[in-house]
Amino acid sequence: MKLPRQFFQPLAIGAPAPMRDLPVRLERMIHFVPPHMEKMRAKVPEIAKQVDVVLGNLEDAIPVEAKEAARAGFIEMGKSTDFGQTGLWTRINALNSPWALDDVTAIVGAIGDKLDVIMLPKVDGPWDIHYLDQLLAQLEARHNVKKPILIHAILETAQGVNNVEAIATASPRMHGMSLGPADLAASRAMKTTRVGGGHPEYKVLEDAKGDAPRAAYQQDLWHYTTAKMVDACAAAGIKPFYGPFGDFSDAAACEVQFRNSFLLGCVGAWTLHPSQIAIAKKVYAPDPAEVAFAKKIVESMPDGAGAVMIDGKMQDDATWKQAKVLLDLARLVAAKDPEMSARYGL
Ligand code: GLV
Ligand code: MG
């Protein structure tokens with residue numbers, strides 16, 4: 001085991017020191033762009049103003065014959081766009097693919113100083129993170145990159161779920177994790193062809209009462225994994241995200257899937273279609289009525305201790321902390337979004 005004092009040492013001479021804390025950033029949506037398509041690249045400067053993170057996707061959904069064009073397109077888009085406060089990420093190809101090594105070396109060499117996060121798919125265990133961690137340190141040193149590039153793992157294999165805690169704590173480069181319901185369903189042999197969301201056959205049936213029709217309630221296929229991921233991330237001080245929702249025609253189901261993850265502790269989700277951006281903005285910001293109540297709690301317990309009653313509800317040190325979670329997030333949203341700032345009164 002690596003000793004604690006070595007954990008924050010740079011892994012290559014000349015590489016920047018790893019961050020002790022993650023940058024405080026609003027990351028309600030990670031917006032996926034296919035960078036091999038010139039038409040899509042042309043929209044990036046406008047999209048970057050509307051989203052928290054722009055991600056150039058090099059992995060699944062990019063045709064094999066377009067892998068190199070996607071990599072070159074991402075570099076071009078990184079060079080030519082001013083992303084301002086918006087994060088610039090890429091999803092590289094899996095480490096066992098023929099493209100991963102060139103993805104990392106070419107991108108860090110060309111735009112290492114602009115790139116915030118590398119999303120790594122199909123992470124099975126901490127060994128995958130250690131490999132990329134070392135490679136990034138070598139490349140940062142070679143190209144004189146000043147700010148460490150962070151790693152975001154996709155949780156999308158059964159083995160990865162088994163090792164989720166070790167993945168979360170594998171390196172100070174870990175930014176967070178996203179649940180990948182499509183690959184994970186395949187890896188586990190779940191019987192669904194959907195990308196996220198529920199399944200009409202995954203349900204509980206009301207008890208029988210004679211011959212009366214029995215109500216059936218659909219259950220959440222992703223509850224267990226999301227909760228497991230949130231615990232691993234929160235314990236490690238990194239950020240959990242819900243991943244993709246594939247049915248672009250069902251905005252209501254997308255909203256519910258996103259909201260379940262938000263309520264359980266996730267900070268954002270992927271947006272694969274422009275229509276999902278507004279959904280993520282709505283979901284991954286606390287409700288103004290909840291924020292108003294949270295403000296009341298914090299104001300009535302200035303030192304965060306003791307017990308008070310508000311509107312018939314007991315408040316104490318623990319509810320003060322719950323209120324602070326909502327208020328801290330509301331402040332972050334308000335700082336970026338004047339409309340939400342007015343609705344929160346912050
Ligand atoms: C995402 O990559 C997924 O497999 O769901
Ligand atoms: Mg996947």
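Counting starts at 1 for both ligands and their atoms, following the listed order.
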Compare all side-chain heavy atoms of [X] with those of [Y] and state whether any distance is below 4.5 angstrom.
X: K122; Y: E59; answer: yes
X: L184; Y: V161; answer: yes
X: L139; Y: T105; answer: yes

Would R25 and D116 pass as an ion pair if we require N to O under 4.0 Å? yes
I'd like to know if E165 and K228 make a salt bridge, using a cut-off of under 4.0 Å between side-chain N and carboxylate O. no
Taking 4.0 Å as the limit for heavy-atom contacts, which would you say applies to [X] with ligand 1: side chain only, backbone only, both, or neither?
X: S178; result: neither
X: R91; result: side chain
X: W270; result: side chain

Considering only non-hydrogen protein atoms, determine which one is nearest to atom 5 (O) of ligand 1 and report residue, atom name and distance to 0.1 Å. A182 N, 2.8 Å
Identify, for atom 1 (C) of ligand 1, the protein heavy atom at the shortest distance, and state residue, atom and that distance. E156 OE1, 3.4 Å
When you measure from the Mg ion (ligand 2) to each N, O or S atom of D183, which atom gives the shortest distance? OD2
Do you see a donor-acceptor pair shorter than 3.5 Å between the side chains of Y284 and S261? yes
Which atoms of ligand 1 have any heavy atom of D183 under 4.0 Å away? 3 (C), 4 (O), 5 (O)
Under 4.0 Å from a heavy atom of P244: give me the atoms of ligand 1 that qualify, with their elements. 1 (C), 5 (O)
P181 touching ligand 1 at heavy-atom level, < 4.0 angstrom: yes
Please walk me through it: do S178 and M229 pass side-chain contact (heavy atoms from CB on, under 4.5 Å)? CA-CA 8 Å; S178 290; M229 176 183 74; 5.9 Å; no
Quick check: does E156 put an N/O/S atom under 2.8 Å from the Mg ion (ligand 2)? yes
Contact flag E59/the Mg ion (ligand 2), N/O/S atoms, threshold under 2.8 Å: no
Could you tell me whether a side-chain N or O of K2 sits under 3.5 Å from a main-chain N or O of F7, the two making a donor and an acceptor? no
